[in-house]
Amino acid sequence: MEKNRELKHPFINPNNEIKISELTDVHETIDFIFELFTKKNYQTIIISGLNKAIKKVVLITEIIKSKIPGLHQINEINSLYKQNNNEINDNEINNENAMPRMSIKLTFIEPSQEEKNNMGYQKPLNALEANLINKYRNNINKDDYE
């Protein structure tokens, strides 16, 4: 149960990655990431999740990008494969237990031209786009996205 408790409350691992689960508190995680970027001067954070947690990964990312100007976004979608002994492996495809995984890198660091040409790249929001997202977000009910 300790692992589930950890995934409910945000924490950042040494690779600057925040793993999101279905149990993750969206508001707490947004506040946590906001503080990492604005008060602790992080330049890059990776937000990732498996299966049904992917929707929270996307939601958290979009809200953070609307609150913090200048963040580049690089999306990666792949699968992890669960072995019969419940180990997760990135490489072995010989198992039918594939789990979709989304990883989103948010960074102030200018991406390489190769990263910008990647289909998963999104440039920072301009002021109008951020304002529209924030206006819409303020009009929806908190319970709609928990």
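Computed from a prediction, not measured in an experiment: that's the story for all the values here. Here, residue 1 is the first one in the sequence, and each next residue gets the next number.
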Rounded distance (nearest 0.5 Å) linking atom [atom1] of [X] with atom [atom2] of [Y]:
X	Y	atom1	atom2	value
Ile104	Ile46	CD1	CD1	11.0 Å
Asn97	Leu80	CG	CG	12.0 Å
Lys19	Leu50	NZ	CG	8.0 Å
Gln73	Glu62	CD	CD	5.5 Å
Phe37	Thr107	CZ	OG1	7.0 Å
Asn15	Ile45	CG	CD1	13.0 Å

Does the [X] side chain pair with the main chain of [Y], one donor and one acceptor, at a distance under 3.5 Å?
X	Y	value
Lys56	Glu22	yes
Ser21	Ala53	no
Lys67	Phe34	no
Glu35	Phe32	no

Measuring only between side-chain heavy atoms, which start at C-beta, is [X] closer than 4.5 Å to [Y]?
X	Y	value
Ile47	Ser103	no
Glu76	Arg101	yes
Leu36	Ile18	yes

Let me check something: do [X] and [Y] share a hydrophobic cluster, defined by ILVMFWY side-chain heavy atoms less than 4.5 Å apart, either directly or through other members?
X	Y	value
Ile74	Ile33	no
Leu59	Ile68	yes
Tyr121	Leu125	no

Atom of [X], atom of [Y] and distance for their closest heavy-atom approach:
X	Y	result
Val58	Met102	CG2-SD, 3.7 Å
Glu129	Pro124	OE1-O, 4.4 Å
Glu28	Pro10	OE2-CD, 3.5 Å
Val57	Gly49	CG2-N, 3.5 Å
Asn41	Thr38	OD1-O, 4.1 Å

Does atom NZ of Lys55 have more than 12 heavy-atom neighbours, drawn from other residues, nucleotides or ligands, at distances under 6.0 Å?
->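 It does not: Lys55 NZ has 12 such atoms or fewer within range.
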Within 6.0 angstrom of Gln43 CD, more than 12 heavy atoms from elsewhere =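 Yes, enclosed.
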Criterion side-chain contact (heavy atoms from CB on, under 4.5 Å) on Thr44 and Phe108, from CA distance to verdict | CA-CA 7 Å; Thr44 301; Phe108 286 114; over 6 Å; no
Intermediate values then yes/no, side-chain hydrogen bond (donor to acceptor under 3.5 Å, both in side chains), Asn118 and Glu114 = CA-CA 6 Å; Asn118 185 329; Glu114 183 180 332; over 6 Å; no
Intermediate values then yes/no, side-chain contact (heavy atoms from CB on, under 4.5 Å), Glu115 and Lys105 | CA-CA 11 Å; Glu115 288 175 312; Lys105 178 180 179 180; 3.6 Å; yes
